[in-house]
Amino acid sequence: MTTDEELAADLENLSDIEEAIKVMMERKKIRAILLHEFKSGRKPAETSRNINQVLDKGIISERTAQNWFQKFGAGDDNFDYEEGRARPSAIEDN
């Protein structure tokens, strides 16, 4: 039988998973916007300014937009998360 503490821990873990999924979906939306802006002929600086004005200041840096534009320019228009593409975490799982 499950204790109240175990149930609370399971609910907290579910909340963490839901939050992670929400963040991943938001990132995917921004990457889709970046691809659209790239295909529309806009520059990374203009794109990052526009996204930050409309969505939230600081949501994307100009450098991040440049990186994605470079990727798109090389013919890679996949904007899904790829294992190993992100900077390594400073926190190690033990």
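For clarity, every value in this text was computed on a predicted model and none was experimentally measured.
Here Glu46 does not pair with Arg49 in a salt bridge; the nearest charged N to carboxylate O distance is not below 4.0 Å.
Residue pairs satisfying the ring pair (Phe, Tyr, Trp, His ring centres under 6.0 Å) criterion with at least one member in residues 42-64, sequence neighbours excluded, are absent.
Annotation: the span from Asn50 atom CG to Lys43 atom NZ amounts to 14.0 Å, rounded to 0.5 Å.
For the pair Lys39/Leu35, a side-chain contact is recorded, criterion being any heavy-atom separation below 4.5 Å from C-beta on.
Here the shortest heavy-atom pairing between Arg31 and Phe72 reads O-CZ, 4.1 Å.
The main-chain N or O of Ile59 is found under 3.5 Å from a side-chain atom of Asn52 such that the two form a donor-acceptor pair.
Residues satisfying the side chain to side chain contact (heavy atoms under 4.5 Å, CB included) criterion with Glu62, sequence neighbours excluded, are Ala45, Ser48, Gln66. Under the rule for a side chain to side chain contact (heavy atoms under 4.5 Å, CB included), the partners of Phe69 that lie at least two apart in sequence or sit in another chain are Leu34, Glu37, Phe38, Pro44, Thr47.
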